[in-house]
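In what follows, a single structure is set out as structure tokens and then discussed.
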Number of protein chains: 2
Amino acid sequence: MRLLLIEDERELADALSGALSKHGIVTDHTTHLADAFELTRQNSYDAILLDRRLPDGEGLSFIPMLRRTGTDTPIIVLTARNEPLERVEGLDVGADDYLGKPFLVDELMARLRAVLRRPPSLTELQISVGRMAIDPLHLSVTVESIPLDLPRRELLVLVALAKRKDKTVLRSTLEAAVYNYEEEIQSNALDAHISRLRKRLLDAGAGIAIHNIRGVGYLLKEE
Amino acid sequence: MRLLLIEDERELADALSGALSKHGIVTDHTTHLADAFELTRQNSYDAILLDRRLPDGEGLSFIPMLRRTGTDTPIIVLTARNEPLERVEGLDVGADDYLGKPFLVDELMARLRAVLRRPPSLTELQISVGRMAIDPLHLSVTVESIPLDLPRRELLVLVALAKRKDKTVLRSTLEAAVYNYEEEIQSNALDAHISRLRKRLLDAGAGIAIHNIRGVGYLLKEE
DNA sequence: CCGCGAAGATTGCGGCAGCATTACGGGGAC
DNA sequence: GTCCCCGTAATGCTGCCGCAATCTTCGCGG
């Protein structure tokens with residue numbers, strides 16, 4: 001396993017590299033964002049550890065840059081800036097985890113494992129379809145910048161479909177997205193939600209269509 | 001390595017779990033098909049050991065169910081029903097091996113190794129043929145990024161063929177992919193599906209051809 | 001090269017499963 | 001109370017899909 005560590009405090013960086021190597025992890029280290037960007041282009045990392053305060057800028061700005069190149073390498077932010085709001089900020093720009101300094105190496109390892117266990121994140125921060133923008137993290141929806149508020153269940157259906165726009169989403173997947181295990185469902189509730197959602201999207205002029213694939217599921221695409 | 005054992009005889013199940021654990025194999029055990037299906041959705045198994053006679057139905061019916069979700073985890077059927085015709089039956093619905101009770105654990109291990117030695121995963125995340133991309137896990141199909149929705153049975157046929165593109169797929173294999181154990185078929189329904197599928201693919205300009213291998217099966221390739 | 005039988009291809013038809021829509025009412029939020 | 005979400009169920013409809021009839025292709029033997 002190979003990590004990229006972006007951290008300007010030499011001592012911490014060395015200590016961390018040493019600790020990780022005991023777990024059989026190879027670590028590349030750099031102190032500047034510019035170098036980091038170059039390194040990610042030349043190598044393939046299993047994960048990236050990122051400090052926020054860096055000599056040539058705010059570490060977080062690195063995340064959208066990287067994501068824009070289509071890279072979905074997990075990123076864990078390591079920083080002294082550990083206020084709740086700052087954590088939200090970090091996760092919302094696309095970090096996979098956020099760990100405040102000081103931290104135990106054991107906790108870092110555990111979070112690393114957790115992050116690597118996940119399937120490569122399909123979760124974009126912002127999905128746009130038709131005249132519509134959907135933020136799956138905050139569960140908010142806008143049509144041409146005008147917020148559209150939808151009932152909870154319809155919203156969940158929409159997000160589940162939007163995350164895989166232009167691809168079929170199985171019925172069972174949708175049910176799993178909207179209902180948890182306790183909530184039984186013994187009618188066509190899902191169909192009803194789809195129907196009502198369609199009507200609302202039409203009224204709002206969202207410019208998207210939800211197609212049914214008989215016996216399989218549904219598919220969302222621009223109309 | 002992790003296995004799923006579907007077996008209602010408690011004693012046999014316990015003995016087997018114990019024996020397998022000595023080979024470093026982790027075994028999940030369940031006695032009912034319904035639970036088994038849930039488990040396969042939540043976990044990823046290297047192989048599945050399946051009894052035929054189960055409290056909630058014929059074990060074999062589980063195989064098409066599972067295959068239909070796009071899972072091609074190897075399945076070994078373990079059963080007292082060990083007549084030649086019954087073995088054919090089992091293998092034809094999509095089992096990878098069929099082992100009659102009683103059996104030696106050593107033989108099971110050998111068969112397991114054999115099954116796992118086969119092409120690591122037929123389950124690519126994305127299969128591309130001609131101008132077409134197929135996602136066998138999510139059962140979605142696109143032609144030059146434009147989603148193509150197909151009826152369920154035609155879709156299943158296409159996916160089964162695409163997974164083994166450029167290779168002949170036996171008629172019986174296709175039938176197993178499309179029909180479950182209960183559903184009898186006494187006409188040329190499969191041929192009809194192939195025919196309608198060909199037409200749809202042509203209309204969509206998919207750039208692929210489905211050839212017939214007389215008396216054997218079908219073969220999908222770029223045209 | 002021709003003829004024949006078997007396998008496959010195609011297509012219309014009809015039944016019915018699955019979906020869309022909508023009205024209704026319980027229930028929670030305010 | 002009032003509003004609205006949301007599960008339920010009734011209704012109507014679409015189009016999938018099994019069937020079978022008919023036509024075409026293939027491979028073999030003479």
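This one's a predicted model, so the numbers in the text were calculated from it and none came from an experiment. Each chain gets a letter, A, B and so on, in the order its sequence line appears, and its residues count up from 1.
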Exercise. Just how far, in rounded Å, is P of dC5(D) from CZ of R152(A)?
Worked result: 12 Å
Exercise. Among all residues two or more places apart in sequence or in another chain, which pass the side-chain contact (heavy atoms from CB on, under 4.5 Å) test with T142(A)?
Worked result: A133(A), P147(A)
Seminar exercise, completed: Residues I134(A) and A162(A): closest non-hydrogen pair is CD1-CB, 3.5 Å
Exercise. Does P55(B) have any side-chain contact (heavy atoms from CB on, under 4.5 Å) partners at least two apart in sequence or in another chain, and if so, which?
Worked result: D8(B), H32(B)
For this session: Return the angle between end axes of the helix from dC1(C)-dG30(D) to dC30(C)-dG1(D), with five pairs used per end and rounding to 10°.
Result: 40°
Problem set entry | Nucleic acid contacts - residues 193-211 of chain B versus DNA chain C, non-hydrogen atoms under 4.0 Å | S195(B), R196(B), R198(B)
For this session: Could you tell me whether the side chains of Y218(B) and R164(B) share a donor-acceptor contact shorter than 3.5 Å?
Result: no
Exercise. Rounded to the nearest 0.5 Å, how far apart are CD1 of I63(B) and CD1 of I48(B)?
Worked result: 9.0 Å
Exercise. Would you call E58(B) and R53(B) a salt bridge, taking side-chain N to carboxylate O under 4.0 Å as the test?
Worked result: no
Exercise. Rounded to whole angstrom units, what separation is found between the CG atom of N188(B) and the P atom of dC17(D)?
Worked result: 15 Å
Problem set entry | Qualifying residues under side-chain contact (heavy atoms from CB on, under 4.5 Å), relative to T30(B), sequence neighbours excluded | L4(B), I6(B), D35(B), A36(B), L39(B)
Seminar exercise, completed: Note: chain A reaches DNA chain C at heavy-atom distances under 4.0 Å over the stretch, first to last nt, 5' to 3', of dA17(C) to dA23(C)
Problem set entry | Whole-Å gap separating C1' (dC17(D)) and CG (L156(B)) | 13 Å
Problem set entry | Rounded distance (Å) that lies between atom P of dC17(D) and atom CG of L190(B) | 13 Å
Problem set entry | salt bridge (Lys or Arg N to Asp or Glu O under 4.0 Å) involving D191(B) - partner list, sequence neighbours excluded | R171(B)
Seminar exercise, completed: From CG of N212(A) across to C1' of dT14(D) the rounded distance in Å is 10 Å
Exercise. Can you name the residues that form a side-chain hydrogen bond (donor to acceptor under 3.5 Å, both in side chains) with H29(B), not counting sequence neighbours?
Worked result: none
Please list every donor-acceptor pair under 3.5 Å in which a side-chain atom of residues 196-210 of chain B meets a protein atom from a residue at least two apart or in another chain.
{"unit_1": "R198(B)", "atom_1": "NE", "unit_2": "I210(B)", "atom_2": "O", "d": "3.2"}
{"unit_1": "R198(B)", "atom_1": "NH2", "unit_2": "I210(B)", "atom_2": "O", "d": "2.8"}
{"unit_1": "R200(B)", "atom_1": "NE", "unit_2": "E154(B)", "atom_2": "OE1", "d": "2.8"}
{"unit_1": "R200(B)", "atom_1": "NH2", "unit_2": "E154(B)", "atom_2": "OE2", "d": "3.3"}

For this session: Can you sort out the partners of L170(B) under side-chain contact (heavy atoms from CB on, under 4.5 Å), two or more places apart, ordered by chain and number?
Result: S172(B), T173(B), V216(B)
Exercise. Over how many whole Å does the gap from D191(A) atom CG to dG12(D) atom C1' extend?
Worked result: 15 Å
Exercise. What string of B, S and - do you get for nucleotides 25-30 of chain D 5' to 3' if you count protein non-hydrogen atoms under 4.0 Å?
Worked result: BBS---
For this session: Taking all heavy atoms of G215(A) and all of R152(B), pick out the closest pair and write down the distance.
Result: O-CD, 3.1 Å
Exercise. Mind checking what makes salt bridge (Lys or Arg N to Asp or Glu O under 4.0 Å) contact with K101(A), not counting sequence neighbours?
Worked result: E7(A), E9(A), D51(A)
